[in-house]
A.B. asks: 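Dropping the structure in here first, questions after.
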Amino acid sequence: MIKNKKQFICQSCGAIYLKWIGKCENCNEWNTINEETTYKSNNQSIKLSQKQIEFENLNNANVKYTRLKTNLNEIDRVIGGGFVGGSVTLIGGDPGIGKSTLILQIVRNLSTQNEQCIYISGEESLSQVKIRANRLGIKKSPIQFASVIDASAISETISNLEKNCILVIDSIQTMYLPDIDSSPGSITQVKACAHELILAAKRTNSILIFIGHVTKDGSLAGPRVLEHMVDTVLYFEGDRNLQFRILRSVKNRFGPTNEIGIFEMLNEGLFEIKNPSELFLSDRQKNLPGSAIFAGLEGTRPILVEIQALVNPSTLPSPRRNVVGWDISRLAMLCAVLESRCKISLSNMDIFLNIAGGIKIVEPAADLAVAAAIISSVKKETISFSSVFFGEIGLSGEIRKVIQPELRIREAHKLGLTNIILPTKQKIIKDNKMNYYDMTLLSDLIDLIINKNRVS
Ligand code: TYD
Ligand code: MG
């Protein structure tokens with residue numbers, strides 16, 4: 001490699017500038033631009049290659065890949081049934097959320113299946129990792145550990161292994177290639193180290209797991225480009241003050257996305273939660289306005305969560321809209337629809353919306369439950385304790401159908417909730433043990449909550 005000129009690269013979005021500026025013009029972040037030296041191969045290697053490439057027919061492709069199960073059900077489901085040989089997985093999350101703990105538990109399980117597991121930590125020393133392993137009760141597992149940051153040494157070692165292995169890099173931001181003249185964690189270093197390690201892992205058909213940091217806005221730190229280089233991207237999230245942790249797949253070349261696995265962080269490590277709905281509804285209070293249950297779907301799994309709204313007259317010129325666990329712009333849209341189609345005045349009200357339990361909801365199907373919680377809070381009317389809502393709300397106040405209604409209803413039934421409030425257009429096979437309330441327009445929902453009218 002020969003040295004190329006200096007460049008100024010935004011550590012947040014990867015935009016390149018010729019001179020330093022305080023604010024990135026691409027992503028509008030302040031103070032994210034660092035000077036870095038980029039490298040280019042020398043002229044000989046850029047000469048046009050005389051080699052011809054061979055094409056293959058997709059029809060005849062003989063694709064077979066084996067999956068290595070971790071035997072932790074929540075993880076196996078999220079990654080699509082186990083790790084695929086030669087695959088690269090990136091797991092991101094806030095500091096202290098439990099990434100190293102989760103991965104150590106995963107490699108412990110894999111190491112008991114006669115797999116060679118190598119755990120490289122650039123952040124912690126052997127004694128620190130030993131303390132964690134002690135805490136998890138896994139000190140006898142045959143995991144091989146090293147505390148190094150030199151990515152070229154790791155890649156060399158992996159390439160010389162006789163058998164494929166499972167390689168964990170904790171974290172990719174601490175890795176360093178001595179040939180490159182920028183500090184660990186910079187975009188150039190992270191990209192180059194990841195590339196080097198991925199090549200070594202693919203060469204030996206090893207399973208590579210990167211741990212990555214996230215920035216304050218919640219995306220994977222440094223380069224989003226890293227997300228393009230790997231096969232699977234997982235986020236490990238949750239509120240550090242609560243003990244629940246959620247593993248979410250956001251990209252998966254070998255399985256589904258948007259599956260979640262739910263764990264509880266206890267003193268002896270992470271434990272799977274088999275019935276999350278029960279857990280999310282366990283602290284529910286009876287007869288309080290502003291609370292509605294949403295029958296949601298996370299990947300293939302139905303989950304019931306409590307949506308809480310508090311609507312209060314505001315003393316501020318521009319009233320507050322505070323949201324935890326939901327999309328704030330979706331709330332603004334819903335408020336506008338409630339105001340213009342149902343004449344519910346919210347413009348001088350503070351609105352606080354909370355998804356109980358620290359879970360984040362992205363499905364539009366939650367609209368109906370959110371609207372119900374807001375109406376219930378504004379009108380100080382409680383919602384029946386056994387009601388469950390799902391349905392998307394359109395701009396004209398119409399209630400639109402959602403996917404997998406039966407799965408949601410079955411989950412509600414399992415937890416003894418019998419009143420299902422759903423879109424009229426939703427085609428379902430009705431079970432006579434349940435009560436169904438069909439909604440065509442938002443005004444039907446208001447009728448139901450305020451006048452306790454049975455609509456269907
Ligand atoms: P860690 O895996 O080090 O987080 P990360 O790698 O994401 O930075 O976990 C850190 C937190 O988890 C720490 O605050 C202590 C807590 N913890 C437990 O509560 N129980 C445990 O068994 C372990 C190992 C950690
Ligand atoms: Mg860690």
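Basis for what follows: all heavy atoms, side chains included, without hydrogens, waters or symmetry-related copies. Everything numeric in this text was worked out from a predicted model, so none of it was measured. As the structure lists them, so they are numbered: ligands from 1, and atoms in each ligand from 1.
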A.B. asks: Can a donor-acceptor pair be found between the side chains of N164 and S206 at a distance below 3.5 Å?
C.D. replies: no
A.B. asks: Does R245 make a cation-pi contact with F263, if we ask for NZ or CZ under 6.0 Å from the ring centre and within 45° of the axis?
C.D. replies: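 Ring-cation test returns no.
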A.B. asks: Between R301 and E298, does any NZ, NE, NH1 or NH2 come within less than 4.0 Å of an OD or OE carboxylate oxygen?
C.D. replies: no
A.B. asks: For the Mg ion (ligand 2), how many protein N, O or S atoms lie at less than 2.8 Å?
C.D. replies: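 N, O or S atoms of the protein closer than 2.8 Å: 1.
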A.B. asks: Is the backbone of G93 close enough, under 3.5 Å, to the side chain of K99 for a donor and an acceptor to pair up by distance?
C.D. replies: yes
A.B. asks: Sequence neighbours excluded, which residues qualify as side chain to side chain donor-acceptor pair (under 3.5 Å) partners of E406?
C.D. replies: none
A.B. asks: Below 4.0 Å from any atom of ligand 1, is there a heavy atom belonging to D170?
C.D. replies: no
A.B. asks: Is it true that L266 lies under 4.0 Å from ligand 1, counting heavy atoms only?
C.D. replies: yes
A.B. asks: Short list, please: which atoms of ligand 1 are under 4.0 Å from a heavy atom of D94?
C.D. replies: 7 (O)
A.B. asks: Is it the case that the side chain of E259 and the backbone of S249 share a donor-acceptor pair, with hydrogens and angles ignored and the cut-off at 3.5 Å?
C.D. replies: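 Not confirmed, E259 side chain does not pair with S249 backbone.
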A.B. asks: For atom 14 (O) of ligand 1, find the nearest protein heavy atom and state the residue, atom name and distance (0.1 Å precision).
C.D. replies: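 Residue, atom and distance for the closest contact: G96 O, 4.3 Å.
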A.B. asks: Does NZ or CZ of R67 fall inside the cone over F83's six-membered ring, less than 6.0 Å from its centre and within 45° of the axis?
C.D. replies: no
A.B. asks: Taking E196 first and then K191, would you say they form a salt bridge - that is, a charged N and a carboxylate O separated by under 4.0 Å?
C.D. replies: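 Looking at E196 and K191, the cut-off is not met.
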A.B. asks: Under 4.0 Å, counting heavy atoms only: does G93 come that close to any atom of ligand 1?
C.D. replies: no
A.B. asks: Are more than 12 heavy atoms, taken from residues, nucleotides or ligands other than L395, located less than 6.0 Å from that residue's CG atom?
C.D. replies: no
A.B. asks: Have a look at ligand 1 and work out which part of K99, if any, has a heavy atom under 4.0 Å from it: side chain, backbone, both or neither.
C.D. replies: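 Both of them.
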A.B. asks: Need the ligand 1 atom indices (1-based, order shown) with element for anything under 4.0 Å from a heavy-atom of E268.
C.D. replies: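 Within the 4.0 Å cut-off of E268, ligand 1 contributes 22 (O).
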